[in-house]
Amino acid sequence: MSFIDQAAGLFANLAEIKFQAVMFGRNAVYLEGAKPVKLDGDEMIFGARDSVITIVGSKLTVKEMTGDCVSVVGEIKGFKVTEL
């Protein structure tokens, strides 16, 4: 079981979990439950269940991507979730 799965269990009664995100300062983001829509050095967009996740910054790169998990590194200036 991943750290994200364990943390999600703590908050399971608070909200329906559509995706999970962990930011590591302003240099990295780890997402579970999201698939890439646009991958660019200045903006990355991911689709999740009923949501769109946008990461903006500079020198953004995908460090690792498997299934519906992705790690993004770079100079992160913004993180936004838009519900559909």
Can you name the nearest heavy-atom pair linking [X] to [Y], along with the distance?
{"X": "G67", "Y": "K35", "value": "O-NZ, 3.8 Å"}
{"X": "V72", "Y": "I76", "value": "O-CD1, 4.5 Å"}
{"X": "V73", "Y": "A28", "value": "CG1-CB, 4.0 Å"}
{"X": "A48", "Y": "G33", "value": "CB-O, 3.4 Å"}

Checklist entry - Can you list every pair that meets side-chain hydrogen bond (donor to acceptor under 3.5 Å, both in side chains) and has a residue in residues 51-70, with sequence neighbours left out? => result S58-E75
Is the shortest heavy-atom distance from the side chain of [X] to the side chain of [Y] under 4.5 Å?
{"X": "V37", "Y": "V52", "answer": "no"}
{"X": "F19", "Y": "D50", "answer": "no"}
{"X": "L39", "Y": "M65", "answer": "yes"}
{"X": "L60", "Y": "D40", "answer": "no"}
{"X": "K80", "Y": "V56", "answer": "no"}

In this structure, would [X] and [Y] fall into the same cluster of hydrophobic residues linked by side-chain contacts under 4.5 Å?
{"X": "V70", "Y": "I55", "answer": "yes"}
{"X": "I45", "Y": "L84", "answer": "yes"}
{"X": "F79", "Y": "F24", "answer": "no"}
{"X": "V81", "Y": "M44", "answer": "yes"}

Item to check | Listed partners of K18 passing side chain to side chain donor-acceptor pair (under 3.5 Å), at least two apart | outcome: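 Result, side chain to side chain donor-acceptor pair (under 3.5 Å) vs K18: E83.
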Item to check | Partner set under side chain to side chain donor-acceptor pair (under 3.5 Å) for R26, not counting sequence neighbours | outcome: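 Expected list: none.
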